[in-house]
Every structure is written in C-alpha cells, then in structure tokens.
Engineer: 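One structure, pasted below without further comment.
Scope of the values below: all heavy atoms of this structure, side chains included, with no hydrogens, waters or symmetry mates. Order of the sequence lines sets the chain letters (A, B, ...), proteins ahead of strands, with each chain counted from 1.
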Number of protein chains: 2
Amino acid sequence: MQTPTLRDVADAAGVHPATASRALNPATRGLVNADTARRVIKVAESLGYRPNPIARGLKTAKSGTVGLVIPDLTNPLFPPIVRGIEDVLEPAGYSGLIVNTDNDPGRERAQIEQLRSRQVEGLIIATALLDHPLLAQLRREGVLMVMVNRRPDGIDVPSITPDDATGVELAVRHLADLGHRRIAHLAGPLQTSTGLVRARAFRSAIRDRGLDDDPDLVEVCTYWSEEAGAVGLRTLLDRGTEFTAVVAGNDLIALGCYDVFAERGIDCPSEISVVGFNDMPFLDKLRPPLTTIAIPHQQIGAEAARLLLDAIADPARPARSVLLPLSLVVRGSTAPPR
Amino acid sequence: MQTPTLRDVADAAGVHPATASRALNPATRGLVNADTARRVIKVAESLGYRPNPIARGLKTAKSGTVGLVIPDLTNPLFPPIVRGIEDVLEPAGYSGLIVNTDNDPGRERAQIEQLRSRQVEGLIIATALLDHPLLAQLRREGVLMVMVNRRPDGIDVPSITPDDATGVELAVRHLADLGHRRIAHLAGPLQTSTGLVRARAFRSAIRDRGLDDDPDLVEVCTYWSEEAGAVGLRTLLDRGTEFTAVVAGNDLIALGCYDVFAERGIDCPSEISVVGFNDMPFLDKLRPPLTTIAIPHQQIGAEAARLLLDAIADPARPARSVLLPLSLVVRGSTAPPR
DNA sequence: CTGAAAGCGCTAACAA
DNA sequence: TTGTTAGCGCTTTCAG
C-alpha cells in the first residue's frame, strides 16, 4: 500500500476526514474531543501516516518553503550562512530552496521567478542584486524578503549585516596598539556596499586615532580576489609610499598580499603586518596565520531566517534591521613595526 | 490582482482551462490546435502567468524536488558537491531540499522523514548513514536514492564515488618517481569506507611498485581531522621507523602533519614530503603549498543528480554506479628525498 | 481538436 | 464536538 492519506486514517479511526484533520493538527486539536483525538493520532501513527504538505499548501497557500538566493555556494562565505538559515528554518517546519545566481542579473531574475512559482513564502537574498529595479518590484508585489550582508538603500527591506565599521575600527586599533602609524588599506571594489563601508570606516578610524591620513595609503582593488589584492599591494609598494601595515578589504585580498610578499621577499609580519576580513576557514594554516576580523556568518544566517519567519508570521510588522558585532582574531600576521 | 491562475488565462483566451493546460504544457501541446496554442501562450505571457507546481504536483504526485542529505554544509567537502547537484537539477526544473544531519543517526532519520513527507521524488545521500537498516528500509519502500562518496555494500543502490584507489596509486607513484622508497601512510578511520579503501589501495600500490612494505609505516588516525593527523604523525615519528614521505588519508590529516613539522622543526619537503587527499580550497596558500589528490567534487554532485534524474525518469532501469577519476596536483610539499 | 467532469490530499466555513 | 460541503490550481480521462 502506498503512503496512507488522511482519508485512510479517518476511515480506520471511524471518523470524518475533517475530524481527523483537526485532531492531527496541534493548532486545531482543541476543537476535538480529547478521546477522539487520541484515537485518531494513534491510528495515524500505526498507519505510518505522514501529512502531505503539498496538499495542505494548496489549500492554505503556504508552501512551508523559503528561497535562498546566493551567488555561489562554492564561495566559502556562504555555506555557514546557509547552515545558519537551515538551522532555524528546520525546527520551524520550513525548508530552504537554494539557488545560485553567479551574480548574473539574468539568472538572478530567472531564479527568483522560479522560486516564486514554487510558492516560496519569502526570500533571503545574499546577492548583490545589481538589478536594483527587481528588488523594488518584488517589494511592490508584496514579496517578503530579508537581505543578508547588504543594506539596500532607499528601499525598506529588513536586512542583517555585519557591523563592518566597527570591524575595521577593531583592525585599526589593533595595529595602532602595536605601534603602527602608517597603515594602508587595500579596499574592495567601491561599487559594492561592503567595499565602500569598509573604506569609509577605515578613513574615519585612522582619523579618530590621529594616525597618518594619507590618501596614498588607500588603494582600491577591482575585485574581491587574491589576484586583485596582489595587484593592489604591488601598486601601493611601487608608489613608494611608506607603510608598515595593511588592512585588507577581505581575506582573499590579504591572501594576494601573501603572494606579493613571497614574490618580493618581504617578511610578514616583521616588515609588513596584514589584517584580513571575514575569517575564512583554514586561515590559521597559513604561514603566517592570518590575523583577521571574524564575521559570525552562521549567526547572520540564523538571524536572517528569524527575521523572515517573523515577517511571514506578521507581514505588517515594520522592517527591522540587525547589525551583528564582529570580533578580532589575532594570529601571526601582525606584529609591532620594527 | 494576485498571480493569475490557469483559469484566468483560459478565460482571457476564451478557452476551457483544460485546453489552456494542454497548450501550456510542451508535452501535450501537440494535442491542441497550433493557433489556439499560440494564442493561449500569448495570453499567458501577457498576464504574467506562472504555473503553480504545487497544484500540479498534487495531481501528478510529482513535487519537482529531491532531497539532499548531507552531514554538514559547513564542511568544505560538500558545497561543491551541492553546487554540482543544483547545476543539473535546475535546468531540469527540479529543486534540491538540503538537510544537515551532523552525522547523527536520529536526526538523519527524522530529516529523511521530513523530506519524504515533502514528497521529494528522490534522495541524494552523502552521509555515512550509520543506521544501515534505514537504507535497506528506504530501498524496500521504493524510495529512489543515489549515494555519494560511498558505495553501500550488500545493497543495490546507485552510487557515485571518487576512484580512491587510483588516487592513492597516483600519490604513491608520484613519490616513487621522486625517489622515495620508504613511504608512510596516515590512514583515515578504517570504519569509514573511504579510510579502508585508501589504506588498502596504499598497501597494494606500495607492493606493486616494489617499495618497502613495512606495516610500521602505516598508522591509522582515529578521525579525519588535523588533530588526529598530528597524533598519527607523532606516533609514527616516535616509533623510530624511517620514512621520507607520507601519504595522508586526507588534507586535514596532512594539515596535522604541518603542525607537527612546526613543532619539531622538521622541514617539509626536504626532510619529509607529504601528499594530501581532496584538494580543499586554499591549500595553495599553505607554506609549503600542499601536493594533493584532487577530487572533482562538483562533477560528483552533477553526476549524482543525473543518476537520480535518470532513476526518476525510469525507476525500472538497473542501478548504475559511477567511479570518477582523480588527479594529482603537484605543489610544494613533495620533493626528492635528500 | 476541445470541453466537461472528476479528483489529487487537505482544510475551512458552515451546519447539525 | 463532529460531519457536510466546497474548493485550493492543476491535469487527465472521457466524450463530443
């Protein structure tokens, strides 16, 4: 026999399907005679009954799924976020549908379309969403959304982002405490909100501490990649500006610095200290282990899921946004200047 | 107006919903007058009609989803696999529902239960599934499955696994070619099929090439972890057995070796060469960059998804199993013995 | 080639 | 407290 339906349970328990439905649903169980309920539940168990959420969804217009829109699961940034999301979705009876957009606006659009047709109840969006109009349109159509890692400006969507400014501040303070006065910044692309926020935070952290605020100490990388980081550091070095430490826009950019160190025979940390950003896995295995700012990715995911679940429960509730605190992880790539 | 239904389209096109359904479904479009079909399609487009897979699923008993059962998305092994899976699922109109089991048999059982109630059409299983009976039961109940990274013995389920034996062979050959004669093996836990297969392959590769086949050269690690790898190497070293190279059960174990090298002032590769297994991300950033065996994780995922899709299309087709070839990535941790 | 009718499994009024 | 009825959006016989 195939998996039993509600009808089978009802028949076996000698009640009407509607009664069985009420008995089996904790929310409506109160409407049913306790004995009957018990009996129905027992029968359901013995039959191995499993409710069919699809059928339920058809009726209630709730699918019990949410869409997770990420650029690329292969980017080490995202697995912990997704894990955090799943961890709160699951106990709530929800499942996440993951799509990878590779940051291609066309795919993004198509994938979101897909998700919507699958009747997801909301979207957790971790992509850059270059196609800003899409965001606005989704909002207009009443699609529930939470943005991760990115605060959409000019549009009222709940978001959950790391407190990048304070993170940069942490890095600068750490270096200043070690005695560095001339600290460089290899910024990420300024079109990305992260790149911009961090670069701005860097300048103000430098100024706040009265360190050398020299525009030549900032170099903008064209991508968030090792290659771009290497290019950036080379430019900085070739410019002849003096500096004893660099705050990298993220860990990948810091990794690019390592390449340049090897290539030019520069010793880290004795000649140049480096601080990364993100705390990717295995950074502690590098020589030297990379000092970096840790982002609580999993919590970010968890928080995002909570926000979305809240929005689903009460769509009218105003959009909250959360800023998550970061922490400094001191390893071997930073030391006092010599 | 809410998202339009098939009825809306039919009304607007002046046809019966059934006709609209036929026109919109490529598979049944032939049953309909070409002109009518065109008209319906046009109307559907202009209305922004999106079919509701849930409703369709209710009727056809197909959900368009498959379950992905993995231990922990946070383990760098799995993201590429999942990505590979998604990449073939998506164009086929399927979505993957991911669950993390943390290798807890109870959770695994519950999660699979969950997936089944969500009417997944099949399961891609990447966990150890310690609870072997569960596997057998699922088979018995006709659940379509594909195993990843693990060949279930004694049970007829399609699987897609890396060709570990040849991988180990590759590593041993590489070291032998460099001139090593006494090669050690830090095996992964022998209760895991991977650990066992690799350890066996090691012995036979050694014998095949006429190298020193000394049981003292093999040490079994209790986990697939750095810590266990470090412990293993220390044991090997303390035993006093001579060796100039080690084949690690996986990259994490190799990383553990790096720790011991640092701790005992051993130079790699001049004193001891190391080969890892897996080619995790960022291995090229280590000092020295780790030579390792690369597993085509993404292809594994893609292949697994294809297998499952095939099984869904034709459940009667006999279980195929695929062995994927590995490759050697030579980096800086291997050199001729001195 | 198209329409009518029924039903997938479940839930939500409404009535009894 | 329980049963009746209807219907979510779609597909699929079966007629016409």
Side-chain angles (χ1 to χ4, degrees), chain A residues 1-41 43-44 47-65 93 114 116-121, chain B residues 1-41 43-44 47-65 93 114 116-121:
Chain A
M1 166 197 90
Q2 262 317 58
T3 87
T5 82
L6 184 60
R7 257 193 77 129
D8 298 328
V9 175
D11 287 353
V15 296
H16 191 272
T19 308
S21 167
R22 289 187 275 251
L24 260 11
N25 183 336
T28 50
R29 189 167 301 154
L31 307 177
V32 130
N33 179 309
D35 283 340
T36 325
R38 240 191 308 281
R39 184 158 41 94
V40 171
I41 292 171
V43 171
L47 252 45
Y49 169 73
R50 246 176 298 121
N52 181 336
I54 307 208
R56 182 207 311 257
L58 190 53
K59 182 70 187 180
T60 58
K62 313 204 121 225
S63 61
T65 58
Q114 266 283 115
R116 293 191 63 193
S117 84
R118 275 196 189 277
Q119 316 294 120
V120 295
E121 294 181 40
Chain B
M1 163 199 91
Q2 263 317 60
T3 85
T5 82
L6 184 61
R7 257 192 77 126
D8 299 327
V9 175
D11 288 353
V15 296
H16 192 271
T19 308
S21 168
R22 288 187 275 250
L24 260 12
N25 184 335
T28 50
R29 190 166 301 154
L31 307 177
V32 127
N33 179 309
D35 284 339
T36 325
R38 240 191 307 282
R39 184 159 40 93
V40 171
I41 291 173
V43 170
L47 252 44
Y49 170 73
R50 246 176 300 119
N52 181 336
I54 307 207
R56 182 205 312 253
L58 190 54
K59 184 68 187 179
T60 58
K62 313 205 120 223
S63 61
T65 58
Q114 265 283 115
R116 293 190 63 194
S117 85
R118 275 196 189 279
Q119 315 295 122
V120 296
E121 293 180 41

Engineer: Taking atom types as they are modelled, is there a donor-acceptor pair under 3.5 Å from the base of C:dG7 to the side chain of B:Lys59?
Structural biologist: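 Answer yes: a donor N or O sits under 3.5 Å from an acceptor.
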Engineer: Any side-chain N or O of B:Thr60 below 4.0 angstrom from OP1/OP2 of D:dT11?
Structural biologist: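 No, no such contact exists.
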Engineer: Please confirm whether the backbone N or O of A:Leu24 pairs with a side-chain atom of A:Arg29, one donor and one acceptor, at under 3.5 Å?
Structural biologist: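 Yes, A:Arg29 side chain to A:Leu24 backbone: donor-acceptor pair under 3.5 Å.
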Engineer: Given atom CD1 of A:Ile54 and atom P of C:dC10, what is their separation to the nearest angstrom?
Structural biologist: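 After rounding, the gap between these two atoms is 11 Å.
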Engineer: Find out whether A:Arg39 and A:Thr36 are in side-chain contact, i.e. whether some heavy atom of one side chain is under 4.5 Å from a heavy atom of the other.
Structural biologist: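 In contact.
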Engineer: What are the atom names and distances for every N/O pair under 3.5 Å that joins the protein to nucleotides 13-16 of chain C?
Structural biologist:
residue : atom : partner : partner atom : Å
C:dA13  : N6   : A:Arg22 : NH1          : 3.3

Engineer: May I ask you to say what B:Pro51 touches in the nucleic acid, namely base, sugar-phosphate or nothing, with a heavy-atom cut-off under 4.0 Å?
Structural biologist: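 Sugar-phosphate: the residue B:Pro51, judged by heavy atoms under 4.0 Å, touches backbone atoms but no base.
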Engineer: How long is the gap from CG on B:Asn52 to OG1 on B:Thr3, to the nearest 0.5 Å?
Structural biologist: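 One finds 7.5 Å between CG of B:Asn52 and OG1 of B:Thr3.
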Engineer: Do any side-chain nitrogens or oxygens of A:Arg7 fall under 4.0 Å of OP1 or OP2 in C:dG9?
Structural biologist: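 For C:dG9, OP1/OP2 do not have a side-chain N/O of A:Arg7 under 4.0 Å.
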Engineer: Whole Å only: how far is the CG atom of A:Asp11 from the C1' atom of D:dG3?
Structural biologist: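 In whole Å, D:dG3 C1' and A:Asp11 CG are 14 Å from each other.
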Engineer: Toward the 5' end of DNA chain D, which comes first, A:Gly30 or A:Pro17, by nearest nucleotide?
Structural biologist: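 Taking each residue's closest nucleotide, the earlier one in sequence belongs to A:Gly30.
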Engineer: Atom CG of A:Leu58 and atom P of C:dG7: how far apart are they, to the nearest Å?
Structural biologist: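 To the nearest whole Å, that distance equals 16 Å.
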Engineer: Specify the separation, in whole Å, of atom CG of B:Leu6 and atom C1' of C:dG3.
Structural biologist: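 Rounded to whole Å, this separation is 14 Å.
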Engineer: Heavy atoms only, 4.0 Å cut-off, all strands: where does B:Thr5 land among base, sugar-phosphate and nothing?
Structural biologist: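 If one applies the 4.0 Å heavy-atom cut-off, B:Thr5 turns out to touch the sugar-phosphate alone, with no base involved.
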Engineer: Can you measure B:Leu24 atom CG to D:dT11 atom P for me and round it to whole angstrom units?
Structural biologist: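 Interatomic distance, CG of B:Leu24 to P of D:dT11: 8 Å.
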Engineer: Both A:Ala34 and A:Ala55 contact DNA chain D. Which one's nearest nucleotide lies toward the 5' end?
Structural biologist: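 Per heavy-atom nearest nucleotide, the more 5' residue is A:Ala34.
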Engineer: Hey, is the side chain of B:Thr19 poking within less than 4.0 Å of OP1 or OP2 on C:dG3, counting only N and O atoms?
Structural biologist: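 Yes, within the criterion.
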Engineer: Give A:Leu31 one of three labels, base, sugar-phosphate or nothing, depending on what nucleic acid heavy atoms sit under 4.0 Å from its own.
Structural biologist: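 Here A:Leu31 touches the bases of the nucleic acid.
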Engineer: Can any side-chain N or O of A:Arg116 pair as donor or acceptor with the backbone N or O of B:Arg50 at less than 3.5 Å?
Structural biologist: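 A pair under 3.5 Å: no.
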Engineer: Could you check whether A:Thr36 gets within reach of a base, just the sugar-phosphate, or nothing at all, counting any heavy atom under 4.0 Å?
Structural biologist: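 Sugar-phosphate contact only.
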Engineer: Please identify which of these residues, B:Lys62, B:Gln119, B:Arg56, meets the side-chain contact (heavy atoms from CB on, under 4.5 Å) condition with A:Ile54.
Structural biologist: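 Considering B:Lys62, B:Gln119, B:Arg56, a side-chain contact (heavy atoms from CB on, under 4.5 Å) with A:Ile54 is found only for B:Gln119.
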Engineer: Under 3.5 Å, side chain of A:Glu121 to main-chain N/O of A:Ser63, donor-acceptor pair present?
Structural biologist: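 Checking the backbone N and O of A:Ser63 against the side chain of A:Glu121, a donor-acceptor pair under 3.5 Å is found.
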Engineer: May I have the distance from A:Asn25 (atom CG) to C:dA12 (atom P), rounded to whole angstrom?
Structural biologist: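 About 8 Å, once rounded to whole Å.
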Engineer: With distance as the sole test, does A:Arg118 use its side chain to make a donor-acceptor pair with the main-chain N or O of B:Gly64 at under 3.5 Å?
Structural biologist: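 Such a contact is found between A:Arg118 side chain and B:Gly64 backbone.
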Engineer: Return yes if some donor-acceptor pair links the side-chain N/O of B:Asp8 with the main-chain N/O of B:Thr5 below 3.5 Å, else return no.
Structural biologist: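 Checking the backbone N and O of B:Thr5 against the side chain of B:Asp8, a donor-acceptor pair under 3.5 Å is found.
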Engineer: Nearest whole Å is fine: how far is D:dG9 C1' from B:His16 NE2?
Structural biologist: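 After rounding, the reported distance stands at 13 Å.
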Engineer: Atom CZ of B:Arg56 to atom P of C:dG9: distance rounded to whole Å?
Structural biologist: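 Taking atom P of C:dG9 as the reference, CZ of B:Arg56 is at 17 Å.
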